[in-house]
Number of protein chains: 2
Amino acid sequence: MTTKSADTRAAILDRAVDIASTGGLEGLTIGRLAGELQMSKSGLFAHFGSKQELQLATVHEAARRFFDAVVAPAQAAPAGAGRLRDYCLRYVDYLGADVFEGGCFWSAVGAEVDDRPGPVRDAVRELLRAWLDELARHAGLAGVPDPEELAFEVYALVSGANAGLRLLGDDHAPERARAAIERRLPA
Amino acid sequence: MTTKSADTRAAILDRAVDIASTGGLEGLTIGRLAGELQMSKSGLFAHFGSKQELQLATVHEAARRFFDAVVAPAQAAPAGAGRLRDYCLRYVDYLGADVFEGGCFWSAVGAEVDDRPGPVRDAVRELLRAWLDELARHAGLAGVPDPEELAFEVYALVSGANAGLRLLGDDHAPERARAAIERRLPA
DNA sequence: CCTACCGATCGGTAGG
DNA sequence: CCTACCGATCGGTAGG
């Protein structure tokens with residue numbers, strides 16, 4: 001029975017993802033995490049062995065949550081224009097769906113790690129890269145002339161909506177992103 | 001002669017802006033800043049009185065740099081479509097112009113402060129708000145139907161280009177943003 | 001602008 | 001998973 005240990009680990013990561021979505025991966029300190037979960041620092045630490053391993057596990061747990069909220073439900077739509085459209089709509093909707101406590105996890109963490117070479121930055125980079133590739137792939141299937149350009153624009157608009165929502169407190173931001181994306185999607 | 005003290009303060013803030021553009025306002029520690037400038041922590045600290053005052057002064061110094069690089073040079077262009085176009089081009093170009101050591105200061109700092117209520121967040125928010133208002137104002141003068149929508153899209157695309165450049169290492173990102181903005185600008 | 005401190009917190013370890 | 005530590009660094013202060 002490794003179940004109890006696995007449950008504890010899952011509970012730690014669940015909280016870690018929300019802390020990091022708010023205060024970033026630096027704000028995710030072992031002391032704070034242990035305090036909130038009412039366990040000792042060293043007890044928690046033993047699950048990961050280093051701060052970096054905790055950060056990596058947190059990033060992958062965030063990817064799982066993003067996958068469940070945006071990617072998986074869209075698999076019902078047909079590949080190509082339908083899937084692309086579904087991805088985009090869910091991508092915008094996810095900002096207001098409280099998937100993460102601090103809004104888009106990738107916006108919160110992306111700017112933080114981009115200047116820090118290492119495995120954590122690489123993991124974030126590759127996950128974002130894979131998501132943009134998936135968007136571009138279905139844009140290509142839909143016959144869009146420059147699929148990578150479209151993927152870039154959608155990503156930028158959704159990130160912009162998150163910033164508008166969180167930093168400016170502008171509730172219209174997702175609607176603005178939706179309008180711009182709608183205008184850009186293939187008919 | 002308060003000149004020597006003012007010079008020191010200017011040198012501190014000059015370095016502080018670049019550190020914050022890389023490691024964020026939390027990465028901007030008094031110890032690190034003092035170390036790089038080869039002065040004592042307390043000597044440096046005396047110029048500001050608190051970490052928060054240092055952060056505020058750093059944000060305003062960053063605004064000055066952004067103004068000098070993007071806003072001021074565009075004043076030669078005529079109000080309306082011409083100015084709007086000039087703003088947008090310079091806004092994209094500024095990403096690759098090494099105005100800040102860590103790329104766009106506002107992208108680096110925006111996601112960091114958006115969950116931390118207080119004077120620092122308010123300052124960042126108001127500066128961004130003012131910039132978007134200025135973009136929208138000239139879009140309005142140019143006869144654009146929804147000036148705020150256009151300002152939002154331009155801001156999102158430039159932020160996206162910065163992320164593409166810094167996080168993904170995609171050198172095409174500014175060109176992609178430029179293309180999308182060009183398509184969106186009034187003829 | 002300095003030396004010399006302060007209490008708190010950081011990531012991490014020893015040893016159980 | 002715990003108690004009890006470690007050296008380093010944090011923001012900040014006293015006193016000059």
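In what follows, chains are A, B, ... by sequence order, proteins preceding strands, each numbered from 1.
- The aromatic rings of B:F100 and B:Y94 lie perpendicular to each other, with more than 60° between the two planes, well past the 30° mark.
- Closest approach to the B:T8 side chain among C:dT3, C:dC1, D:dC2 is made by C:dC1 (side chain taken as heavy atoms from C-beta onward).
- Between B:V154 and B:L84 the shortest side-chain heavy-atom distance does not fall below 4.5 Å.
- What separates CG of A:D7 from C1' of D:dC1 is a distance of 15 Å, to the nearest Å.
- Here C:dT9 presents its P atom at 13 Å from CZ of A:R32, a figure rounded to the nearest Å.
- Residue B:S5 places no side-chain N or O under 4.0 Å from the OP1 or OP2 atom of C:dC1.
- In this structure C:dG16 sits in a base pair with D:dC1, meeting the Watson-Crick or G-U test at under 3.5 Å.
- Counting to the nearest Å, the P atom of D:dT9 and the NZ atom of B:K51 are 15 Å from each other.
- Atom-to-atom, CD of A:E26 to C1' of D:dT9 comes out at 13 Å; the value is rounded to the nearest Å.
- Side-chain proximity of B:F45 to D:dG12, D:dC1, C:dC2: nearest is D:dG12.
- Pairing for D:dG7 goes to C:dC10, judged as Watson-Crick or G-U wobble with the two contacts each under 3.5 Å.
- Candidate nucleotides C:dC1, C:dG11, D:dG11 were compared by shortest atom distance to the side chain of B:I30, and D:dG11 ranks first.
- Between the side chain of A:K41 and the base of C:dG11 there is at least one donor-acceptor pair of N/O atoms closer than 3.5 Å.
- Ion pair B:E112/B:R121 not flagged as a salt bridge, since none of the NZ, NE, NH1 or NH2 atoms sits closer than 4.0 Å to an Asp/Glu carboxylate oxygen.
- To the nearest angstrom, P of D:dC2 lies 11 Å from CD of A:Q38.
- Salt-bridge formation is not detected for the pair B:R129/B:E126: no Lys NZ or Arg NE/NH1/NH2 atom is positioned less than 4.0 Å from an Asp or Glu carboxylate oxygen.
- For A:S42, the side-chain atoms get nearest to D:dA4 when compared with the rest of D:dA4, D:dT13, D:dC1.
- For B:L44 and D:dT13, the CG to P distance is 15 Å, given to the nearest whole Å.
- Of the side-chain N and O atoms in A:S50, none sit less than 4.0 angstrom from OP1 or OP2 of C:dG12.
- Comment: B:E36 engages B:R32 in a salt bridge, judged by a side-chain N to carboxylate O separation of less than 4.0 angstrom.
- When rounded to the nearest whole Å, the span between CG of B:L54 and P of D:dG11 equals 9 Å.
- When the side-chain nitrogen and oxygen atoms of A:T29 are compared with OP1 and OP2 of C:dC10, one or more of them lie within a distance under 4.0 Å.
- The listed nucleotides are C:dC2, D:dG12, D:dC1; the one nearest the side chain of A:A46 is D:dC1.
- Summarising the geometry, the separation between CG on B:L37 and P on C:dC2 is reported as 11 Å, rounded to the nearest angstrom.
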